[in-house]
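Chain A is the first sequence line, chain B the second, and so forth, proteins listed ahead of strands; every chain is numbered from 1.
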Protein chains: 2
Amino acid sequence: MASVRKTDKRIEDEALVETPDLEEFIGYNLKRAYVIVQSDFRRTLGEDGFAPRVFSALSLVVQYPNVTSSGLARMLGIERSGLVAIVDELEGRGLLKRTNVPGDRRVQALVPTTKGKTAYAEARAAVRAHEDKLLSNLSDDEKATLMSLLGKIRATEA
Amino acid sequence: MASVRKTDKRIEDEALVETPDLEEFIGYNLKRAYVIVQSDFRRTLGEDGFAPRVFSALSLVVQYPNVTSSGLARMLGIERSGLVAIVDELEGRGLLKRTNVPGDRRVQALVPTTKGKTAYAEARAAVRAHEDKLLSNLSDDEKATLMSLLGKIRATEA
DNA sequence: ATAAACTGTTTACTAGATTAACAATATGAG
DNA sequence: CTCATATTGTTAATCTAGTAAACAGTTTAT
């Protein structure tokens with residue numbers, strides 16, 4: 001009876017420990033990979049280069065000229081309030097303009113300047129170079145697969 | 001001649017705009033996916049549950065009992081200073097102990113308590129449930145592929 | 001007409017992280 | 001052995017990215 005209890009306890013302990021391997025979690029791997037890519041992005045674009053989120057915002061403003069702040073925040077998945085500083089920076093650098101929209105005096109359309117479009121084209125090239133170099137151990141097929149799988153995760157969003 | 005210049009300029013403009021699609025970048029997709037997984041993690045584990053980084057730290061302490069703070073920080077890829085608050089929290093909750101190491105009075109070995117091991121086993125189940133549910137639109141094969149591709153990115157790290 | 005909703009913004013706050021400095025301790029070269 | 005160098009855990013200051021709540025101005029819908 002005592003030996004049975006002991007056996008039971010040993011089994012419980014083993015079950016408790018059962019391969020506590022962090023590496024099995026997708027979230028953990030996602031974060032580690034994200035940190036690597038993000039920090040290489042910053043390193044490559046340099047001190048005065050765009051931060052990732054600023055690059056993203058500029059990209060969308062170039063792609064969707066006249067997008068509103070609300071719309072842009074929605075596209076980026078952040079709060080309107082959080083976007084203000086980003087747009088301030090881009091406007092301060094002369095890369096976009098906040099313009100009035102006739103017919104709705106609440107909203108401001110964000111319009112890229114010529115300088116903004118040029119700066120974006122350059123930055124895009126730099127970002128492509130950064131990803132190409134950093135991810136050179138992934139084949140094009142692998143990159144496409146990764147994009148598709150990340151897309152599946154993104155598709156889960158409410 | 002003037003018309004030739006005009007044509008050239010039009011071509012330049014088009015080249016400038018050339019599909020400025022944020023979605024083509026792996027970094028952007030990685031971040032968006034990471035945000036979704038991370039926020040579902042928090043939502044699932046709840047107000048009083050572990051934050052992702054605390055869960056990760058506890059996992060490694062359970063897997064590597066007697067790991068030092070420095071070693072743990074290295075494994076997590078963060079600074080030693082940043083780990084202090086995490087270990088404080090885990091020790092405050094009674095889930096691990098900072099213990100002296102005979103032979104080196106600088107270091108403290110981090111040892112999980114029984115309570116810590118139990119709490120980790122429960123949390124691990126919750127995290128697995130969160131990932132299983134959130135990522136239910138990915139097959140096991142797809143999850144394995146994703147892990148392997150994220151592993152390739154992680155392998156690029158210095 | 002008036003309640004409800006939306007827009008851009010400010011302010012205050014939080015989380016997660018880094019850097020620089022520090023005292024205590026250990027290690028290695030001469 | 002000694003002394004320069006390195007390591008450990010920690011604090012303090014700082015930074016970035018983000019949220020939440022409130023607000024005035026404006027629009028929409030009942």
Mind listing the side-chain donor-acceptor pairs of residues 46-58 of chain A below 3.5 Å, one per line with the distance, residues two or more places apart or on another chain?
unit_1  : atom_1 : unit_2  : atom_2 : d
A:Ser56 : OG     : A:Pro52 : O      : 3.1

Ignoring hydrogens and angles, write down the donor-acceptor pairs under 3.5 Å from the side chains of residues 68-87 of chain A, residues two or more places apart or on other chains.
unit_1  : atom_1 : unit_2  : atom_2 : d
A:Thr68 : OG1    : A:Gly71 : N      : 3.0

Which atom pairs, one a donor and one an acceptor, fall under 3.5 Å between side chains of residues 103-110 of chain A and the rest of the protein, sequence neighbours left out?
unit_1   : atom_1 : unit_2   : atom_2 : d
A:Asp104 : OD1    : A:Arg106 : N      : 3.0
A:Asp104 : OD1    : A:Arg106 : NE     : 3.1
A:Asp104 : OD2    : A:Arg106 : NH2    : 3.0

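Here the shortest heavy-atom pairing between B:Glu157 and A:Ile36 reads OE2-CG1, 3.4 Å.
Residues from residues 28-57 of chain A lying near DNA chain D, meaning a heavy-atom separation below 4.0 Å, are A:Arg42, A:Ala51, A:Arg53 in numerical order. For DNA chain D, the neighbouring residues in residues 72-105 of chain B, judged by any heavy atom under 4.0 Å, are B:Arg74, B:Arg80, B:Ser81, B:Val84, B:Arg98.
Taking a cutoff of 4.0 Å between a charged side-chain nitrogen and a carboxylate oxygen, B:Glu23 and A:Arg154 qualify as a salt bridge. Taking the charged nitrogens against the carboxylate oxygens, A:Glu131 and A:Lys143 have no contact shorter than 4.0 Å, which rules out a salt bridge.
Taking CZ of A:Arg42 as the start and OG of A:Ser39 as the end, the distance is 9.0 Å to the nearest 0.5 Å. For the atom pair NZ of B:Lys31 and NZ of A:Lys31, the computed distance is 11.5 Å after rounding to the nearest 0.5 Å. Considering CD1 of A:Ile26 and CG of B:Leu135, their distance stands at 5.0 Å, rounded to 0.5 Å.
Considering only residues two or more places apart in sequence or on other chains, B:Lys133 meets the salt bridge (Lys or Arg N to Asp or Glu O under 4.0 Å) condition with none of them. For A:Thr113, the side chain to side chain contact (heavy atoms under 4.5 Å, CB included) partners are A:Lys97, A:Lys115, not counting sequence neighbours. Legend: residues meeting side chain to side chain contact (heavy atoms under 4.5 Å, CB included) with A:Glu122, ordered by chain and number and at least two apart, are A:Thr118. Applying the side chain to side chain contact (heavy atoms under 4.5 Å, CB included) criterion to B:Thr44, with sequence neighbours excluded, gives B:Asp40, B:His130.
Taking the side chain as every heavy atom from C-beta outward, B:Pro112 and B:Tyr120 never approach each other to under 4.5 Å.
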Evaluate side-chain contact (heavy atoms from CB on, under 4.5 Å) for B:Thr145 paired with A:Leu149, printing each intermediate quantity in order.
CA-CA 9 Å; B:Thr145 303; A:Leu149 293 172; 4.0 Å; yes
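A rotation axis mapping the C1' atoms of four pairs onto the next four is fitted at both ends of the helix from C:dA1-D:dT30 to C:dG30-D:dC1 over five pairs, and the angle between these axes is 30° to 10 degrees.
Close approach of DNA chain C to chain A, defined as any atom under 4.0 Å from a non-hydrogen atom of the protein, starts and stops at C:dC6 to C:dA17. Where DNA chain D meets chain A (any atom under 4.0 Å from a heavy atom), the bounding nucleotides read 5' to 3' are D:dA17 to D:dT27.
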